[in-house]
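Have a look at the structure below before the remarks.
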Amino acid sequence: MPVTTVLVNYMLKRGPMCIWTRFPVISQRLSCQRKIGISITNTAFSVKGIGRAFFLLLKNKLLHRDYISGGGSTLTQQLVKNAYLSQEQTMTRKFKELFLAIQVENDYTKNEILTMYLNNAYFGNGVWGVQDASRKYFGENASQLSVPDSAVLAGMLTSPSAYNPIDHPKAAKWRRNVVLQLMVENHQLTQAQADYYKKTPIVVQDTYVRKDGYKYPYYFDAVIDEAISKYGLTESEIMNRGYRIYTNLNQSQQQQMQATFKNDSLFPANASDGTAVQAASIGVSPTTGGVTAVVGGRGQHVFRGYNRATQIKRQPGSTMKPLAVYTPALDPGYKFDSELVDKKKSYGSNHYTPKNYNNVYQGKVPMYEALAQSMNAPAVWLLNQIGVNRGYQSVKDFNIPVTKKDKNLALALGGLSSGVSPQQMAGAYTAFANGGKVLKPFYIRKIVDSTGKVVVDNTAKPDGRQIMPASVSKQMTSMMLGVFNNGTGADAKPYGYSVAGKTGSTEADDTGSSDATKDKWIIGYTPDLVVATWEGFDNTSRAHHLENLSGTGMGPLFRNEMQTMLPYTKDTSFDTKDAQTIVQNQQNSNESVWDTIQKKTEQYSNTIGQKAKDFINDANKWFE
């Protein structure tokens, strides 16, 4: 299936249109709502607001803008706009809003209008409607809310993201107290009551059960996060203002990745206390940088909750070796079959002594074998040979965040002062799959506002950086094909596909087990798809750690991901074979040439010998 256009509005699942009976703060006197951002007047529209809209229209026309910046918005108008109209900022829409608001006022009472508004209002965290918001934040029906809790929800209406008590408890409390004081001014509370309620703590209790979950929850969350962090939109604007957001989502790949994560048999057993092993994966197109699929964890999803694929900071282990050691070594003259020293050695004044996993050393080993078998001693020796500065700069070129604290030989084995996310590692490996050009993963291709104006456009040719010659990326791919063909990732190779990449793991300290593992990684790629997968516990301890430091163990999980996702790619073949096969073919070719020379030499010798015998025989006959 081709990359699919996804509209945010398509993925939104609104709360039920429940019948609202009693909402204490708002139901008593409607006029008090004007001061907290909702205007309910005796008419369906605000004369001052409409006048302000005309003034702003004139101002924007003078400034050559094709929209209005604001205008009259009574609660009735907001209801009409949200329920029946687009969010375009034009006078045409304002006039439609005005006349529909008058009609609504003629057909419905104030309480009915307020009921409809509250049942459609957005309250943050993916929740619409006051009933669902009551469940989400306080674990009760809206009709059962206390006055201070009702004030919290009333205060959220102007900015659900900024004033919700889950994400911003201090701001929510401040806003609640503003609403309580407004109720005093409107004679709904005494000052003594308001002061008492202001001292009441906000106790959040989430009993909300989403009846219709998001189809692709982690992807949807990542789109919202990118729109906010990269393009300056707010969650409320994204949800309510009619934006159409086009993404890089490949629905088939996303569905397959999600199905893999739901298969518990592909993961280690839970810890003795029931804590589940966590994991995260991300798929990226190496030719565009577009994220095609992402899953940020196992278990129940929380709206805009913790996304491990984009947010974790964990040590990358041996998946750093191609970035920090082997790529920068190929450029100055090393070859994929160059011999490296494989001995237990100490370096520097602190006697840094890297060890191979099995504590076995061969003395010398070709580079492609050292990479495929993830040997530590040769990697550190090579980084010492080319210089730490060269390796450090190479890691930076791959868009991996490092600091001066990371400028040491431990960098060869993924020892970072901070850490990386699967998204960052997937982005780095796009360079190997894309001829040496690295791309930053992204989700949003285009954003169109309610007027049809394109406000974000990433559909042009991706702007990557060439960080290595294509010949180097080809050699790196030939070596990393060996990881899945005969190296540490052999059990992760998908049937019928050639995949290159690297495995990695990090040791868990203070657990009492020499094989205790904190993080496991597998990153694999084809010319069409890069997938980075991490596995581990959120908090590593004696009771919460993985086993088998070799980096294997998560092979079936990764194999299943690639096996099910690659059919939805172009299935482009690599333009190289794995390094071991290339070397064997060269050896066989050299042996063949030597055999030919020997045969020719024997033929020539036999011919010359025969000629000599014939000459002697002829000479004897002549003398006779």
Side-chain angles (χ1 to χ4, degrees), residues 12-18 20 22-30 32-40 73-75 77-79 81-83 87 113-186 188-189 194 197-198 200-208 210 224 228 233-241 302-305:
L12 294 179
K13 302 295 183 182
R14 296 202 171 201
M17 290 295 290
C18 56
W20 174 78
R22 180 176 176 271
F23 189 47
V25 170
I26 300 180
S27 65
Q28 295 178 28
R29 184 169 179 175
L30 303 181
C32 74
Q33 300 308 317
R34 162 168 284 193
K35 294 187 178 180
I36 61 168
I38 307 172
S39 176
I40 299 183
S73 273
T74 64
L75 186 145
Q77 286 176 267
Q78 290 185 39
L79 172 64
K81 179 176 64 177
N82 292 335
Q87 300 291 320
I113 293 170
L114 182 58
T115 298
M116 289 187 286
Y117 178 83
L118 289 172
N119 284 334
N120 283 277
Y122 182 61
F123 284 89
N125 284 299
V127 174
W128 276 265
V130 68
Q131 171 65 14
D132 286 350
S134 300
R135 283 288 178 188
K136 179 68 179 178
Y137 298 114
F138 301 111
E140 295 183 324
N141 293 325
S143 60
Q144 299 171 323
L145 286 179
S146 65
V147 171
D149 288 346
S150 297
V152 172
L153 296 189
M156 287 173 56
L157 289 170
T158 56
S159 183
S161 300
Y163 295 129
N164 80 76
I166 291 179
D167 302 319
H168 305 287
K170 290 183 180 180
K173 186 174 182 179
W174 173 86
R175 184 65 175 168
R176 178 200 68 178
N177 291 347
V178 170
V179 174
L180 291 171
Q181 192 59 42
L182 286 171
M183 292 184 71
V184 173
E185 295 177 15
N186 284 273
Q188 302 303 306
L189 292 175
Y197 290 140
K198 288 177 184 179
T200 305
I202 297 177
V203 179
V204 174
Q205 184 178 3
D206 185 358
T207 63
Y208 172 61
R210 194 180 304 279
I224 296 176
I228 292 171
L233 298 176
T234 66
E235 180 185 304
S236 182
E237 287 174 335
I238 296 167
M239 298 294 195
N240 293 312
R241 293 197 175 178
V302 177
F303 176 74
R304 294 195 66 197

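Computed from a prediction, not measured in an experiment: that's the story for all the values here.
Closest of all the heavy-atom pairs between Leu180 and Val147 is CD2-CG1, 4.0 Å. Smallest separation of non-hydrogen atoms from Ser134 and Ala142: OG-CA, 3.3 Å. Nearest heavy atoms, Ala133 versus Val127: N-CG1, 3.4 Å. Closest non-hydrogen pair, Ala162 versus Ala171, comes out as O-CB, 3.5 Å. Closest approach of Thr200 to Lys173, counting heavy atoms only: O-CE, 4.4 Å. Closest approach of Ile202 to Pro169, counting heavy atoms only: CD1-O, 4.4 Å.
The backbone N or O of Lys198 sits less than 3.5 Å from a side-chain atom of Arg176, completing a donor-acceptor pair. Remark: the backbone N or O of Asn186 is paired with a side-chain donor or acceptor of Gln188 at under 3.5 angstrom. Looking only at distances, a side-chain donor or acceptor of Glu235 sits under 3.5 Å from a matching main-chain atom of Asn125.
Only one option out of Asn164, Val130, Asp132 pairs with Phe123 in a side-chain contact (heavy atoms from CB on, under 4.5 Å); it is Val130.
Atom OH in Tyr122 sits 8.5 Å away from atom CE in Met156 (nearest 0.5 Å). Expressed to the nearest 0.5 Å, how far CG of Asp149 lies from OH of Tyr197 amounts to 10.5 Å.
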Worksheet item: Between Leu153 and Leu118, does a side-chain contact (heavy atoms from CB on, under 4.5 Å) hold up when you go through it step by step?
Response: CA-CA 10 Å; Leu153 296 189; Leu118 289 172; over 6 Å; no
Discussion item. Thr234 vs Ser161, test: side-chain contact (heavy atoms from CB on, under 4.5 Å). Steps then yes/no.
Written reply: CA-CA 8 Å; Thr234 66; Ser161 300; 5.5 Å; no
Practice prompt. Show your reasoning for whether side-chain contact (heavy atoms from CB on, under 4.5 Å) applies to Trp128 and Met239.
Written response: CA-CA 10 Å; Trp128 276 265; Met239 298 294 195; 3.7 Å; yes
Discussion item. Under the criterion side-chain hydrogen bond (donor to acceptor under 3.5 Å, both in side chains), I'd like the reasoning laid out for Thr158 against Arg175: C-alpha separation, chi angles, the key distance, then a yes or no.
Written reply: CA-CA 10 Å; Thr158 56; Arg175 184 65 175 168; 3.2 Å; yes
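Using a 4.5 Å heavy-atom cutoff, the side chains of Tyr137 and Leu145 are not in contact.
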